[in-house]
Protein chains: 2
Amino acid sequence: MIYLDNGATSYPKPAAVINASLNACKKFSFNSGRGGYSASVKTAEKIYSVREKVGSMFNYEPQNIAFTMNCTQALNMAIKGSVKRGDHVIISSLEHNAVWRVVNHLRNDGIIDYDIADFCFDNDETVSNFERLIRQNTSVIVCTAASNVFGVRFPIDRIGRLARKHRIRFIVDAAQAAGIISIDGVKDGIDILCAPGHKCLYGNMGTGFIAVQEKIFLETIIDGGTGSESTNPNQPDFLPDRLEAGTLNNCGILSLGAGIDFVNSIGMDKIFNHELRMTDILYNGLSRNENVFLYCPKPVKSVSAPIISFNYKDYSSEKTALLLAKYNIAVRAGLHCSPLAHKFFNTLDRGTVRLCPSVFTSARECEIFLNTLKKI
Amino acid sequence: MIYLDNGATSYPKPAAVINASLNACKKFSFNSGRGGYSASVKTAEKIYSVREKVGSMFNYEPQNIAFTMNCTQALNMAIKGSVKRGDHVIISSLEHNAVWRVVNHLRNDGIIDYDIADFCFDNDETVSNFERLIRQNTSVIVCTAASNVFGVRFPIDRIGRLARKHRIRFIVDAAQAAGIISIDGVKDGIDILCAPGHKCLYGNMGTGFIAVQEKIFLETIIDGGTGSESTNPNQPDFLPDRLEAGTLNNCGILSLGAGIDFVNSIGMDKIFNHELRMTDILYNGLSRNENVFLYCPKPVKSVSAPIISFNYKDYSSEKTALLLAKYNIAVRAGLHCSPLAHKFFNTLDRGTVRLCPSVFTSARECEIFLNTLKKI
């Protein structure tokens, strides 16, 4: 199989990730920090070491990393935990349903109002689009680091500065960025960073995290046992306990630790460069095929993630994907859970076919894809 | 290690569970139902087969099983998704913080009021205690099937009938029951069943589910991409999509499938009988030790789960557990995230030491534990 659906989840997982997961199932399947016996204590140390790895990669304190089932859960915790009745929220025009459906639910419930800031290929314009929408009661800006459909990136450092200037909480969805694009929570002014563990960080599916800067307080959407302050009828005030109710996914978390080690051992920049070389080959080939419709310029390092969307002939995006599937090529078609992005790029009617390489994608695989496309 | 902390999570996991998890990491780490390629379709089939296994074990429709990170998340979705402003909720006096902190949060927010129905060793009395608290605006009863501290069980079938009679939604926390005690969602009148996958069902940590009877509608606490109705700004109305936003924990879910197969292959009843034989040995030995304080009668099949709580000499429960840990015996001490239960049994000051055998616990291990206890 030629797998170009790494935007959904990276595949294959590195051998070290699979081993770490297996090892965790066998040796570290204990409730961390809730038992005094050696196996529980050792498990807690292992889990903590992954908090350190995440914290170190994105510049957050290890104890301020809480593990979630996926990026979506983290975004729900971040957004719903940040707003109060009467607040105004700004999101970008390229947000995933993990953001759009959340703010929409809050609006339906009469809690917030929200506006959508348009993406622009000119960063100055993008920042202005956010600034123009700020109101007296704007409490939160949510922005994706990179579109999961079109690969274009937002200048999150500049939006972070804007948010800080206006004392607005800044939440970033790093679903397609965490692990390839350098993110510094402090420098970039990201109050809350949400990310999956199973995409560019190469951990198991079922992993994600929410990383919170110091002194940021969140209301909880999930309450329960934390093994701490058990007589307190409320969630503890401190992290990560406040955001981690119930039993954690140890196998997943330790696989994520191995995934981060894998990324660090190669180097985030080197992985990014490799993937851009692959999108280069893909984009150049697609550009030369007169039956292909492309929607964005070729991905380049400073402003893109390695993601390409296209359509073919007059086919629906699903038809193209199914025809490619017959040749054992895995791509994803449709709206990719991001109707806002498709509305913005005028592709809501047919969706797009999406190509996302990973560190394991080879130039030869990209060539085979391009040649196969010509046959369908 | 002699592991008697299976109430936290079962250990070891059966070989078939570890293999299923490993196999899933290698072969079924694709986004199920969101890609048209064969690997994604096969993954979706595998995930669906686990919904069937869960549905079949507890009598729910497979599509009405939604997978969660743990039982706590499921309980939050069930309770918060069921209430509206002005509602009254009844919980039992033995609820875990996964229930108590949830209803408390809702009360703090001015959404609901709640009352606590006392457990009684006489089932008639217990049911009366619930009935007495029912008001005009009581919309939900939440009850644990078995106390995670003391192992005593609630007559959930009778409480289910009571709830049905009064048209009250009935939510059951099956954290310590699912996999050993037969539960029939339809017959027992359980509108929503919440359970972990990693305790008596022997799946990986990081697994749980919410099982919902037909025609039960839930508001969502987590919104996001579902790969379905992507242009809908709200969560889809249908299950499981409505309750499954974002990427699932495939490795965990497929391990849970293997765990259920494991339980079925031995037989739930046989496992339960084995564990009761172990609690028999433990309880008899503890009863003969004059330094031991026990709080409940010996576990018997009809009214107990195989869980024993005790204290030793004038030691804090933590001291006892730490002294046992030196002999490589793993037990849990403290409040077990269930202050209500300790308040009820008057053990809030020192907590208890908890013993939970699994299918893998041997009589010899129980004897070693009893002999070791005499030495500390």
Side-chain angles (χ1 to χ4, degrees), chain A residues 1 5 8-9 11 13 18 21-22 25-26 29-31 34-39 69-73 75-76 96-98 100-102 104-105 196 198 204-206 221-225 227 230-231 233-235 245-252 318 321-322 325 330 332-335 337 339, chain B residues 1 5 8-9 11 13 18 21-22 25-26 29-31 34-39 69-73 75-76 96-98 100-102 104-105 196 198 204-206 221-225 227 230-231 233-235 245-252 318 321-322 325 330 332-335 337 339:
Chain A
M1 174 175 57
D5 193 18
T9 193
Y11 185 86
K13 303 300 181 195
I18 292 174
S21 171
L22 179 63
C25 292
K26 288 182 176 172
S29 283
F30 302 100
N31 222 322
R34 285 171 212 187
Y37 48 95
S38 151
M69 192 169 91
N70 48 36
C71 186
T72 299
Q73 191 185 326
L75 283 162
N76 275 264
H96 188 276
N97 274 343
W100 187 47
R101 280 180 172 169
V102 174
N104 215 67
H105 194 160
H198 62 100
N204 277 0
M205 295 170 81
I221 61 169
I222 297 173
D223 306 291
S230 285
T231 57
N234 308 306
Q235 285 301 100
T247 302
L248 290 173
N249 174 7
N250 290 14
C251 300
E318 288 84 358
L322 282 173
R332 185 165 159 199
L335 297 182
C337 299
Chain B
M1 176 176 55
D5 193 18
T9 194
Y11 185 86
K13 303 302 180 193
I18 292 174
S21 172
L22 179 63
C25 293
K26 286 182 178 173
S29 283
F30 302 100
N31 221 322
R34 286 171 211 186
Y37 47 95
S38 153
M69 192 169 92
N70 47 36
C71 186
T72 299
Q73 191 186 326
L75 284 162
N76 275 263
H96 189 274
N97 274 344
W100 187 47
R101 281 182 171 167
V102 174
N104 216 66
H105 194 161
H198 63 98
N204 277 359
M205 297 171 79
I221 61 168
I222 297 174
D223 307 290
S230 285
T231 57
N234 308 306
Q235 285 302 98
T247 302
L248 291 173
N249 174 8
N250 289 15
C251 299
E318 289 84 358
L322 281 173
R332 186 166 158 197
L335 298 181
C337 298

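Only this structure's heavy atoms are used, side chains among them; waters, hydrogens and symmetry mates stay out. Quick note on labels: first sequence line is chain A, next is B, and so on, each numbered from 1.
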(Q) To the nearest 0.5 Å, what is the distance between CG on Asn250(B) and CE on Met205(A)? (A)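 Between atom CG of Asn250(B) and atom CE of Met205(A) there are 3.5 Å.
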Counting only heavy atoms closer than 4.5 Å, note whether [X] contacts chain B via side chain, backbone, both or neither.
X         : answer
Leu248(A) : both
Asn97(A)  : both
Cys25(A)  : both

Heavy-atom pairs under 4.5 Å with chain A: which of [options] has the most?
options                                : answer
Cys337(B), Gly206(B), Ser230(B)        : Ser230(B)
Leu22(B), Asn70(B), Thr72(B), Asn76(B) : Asn76(B)
Gly246(B), Gly334(B), Ala325(B)        : Gly246(B)
Pro233(B), Cys71(B), Gly225(B)         : Pro233(B)

Region of [X] that comes under 4.5 Å of a non-hydrogen atom in chain A:
X         : answer
Asn31(B)  : both
Ile221(B) : both
Cys251(B) : side chain
Ile222(B) : both

Counting heavy-atom pairs closer than 4.5 Å to chain B, which one of [options] comes out on top?
options                               : result
Gln73(A), Lys13(A), His96(A)          : Gln73(A)
Pro339(A), Ser38(A), Gly227(A)        : Pro339(A)
Leu75(A), Asn249(A), Thr9(A), Asp5(A) : Asn249(A)
Ala39(A), Gly36(A), Ala98(A)          : Ala98(A)

(Q) Just to verify, what does Ala321(B) make a side-chain contact (heavy atoms from CB on, under 4.5 Å) with, not counting sequence neighbours? (A) Val331(B), Ala333(B)
Q | Those residues that, when tested against Asn204(B), pass side-chain hydrogen bond (donor to acceptor under 3.5 Å, both in side chains) (two or more places apart) | A | Ser21(B)
Q. Do Asn104(A) and Asn234(B) touch side chain to side chain, with heavy atoms closer than 4.5 Å?
A. yes
Q) If we only count heavy atoms from C-beta on, is the Met69(A) to Thr247(B) side-chain gap below 4.5 Å? A)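 No, side chains not in contact.
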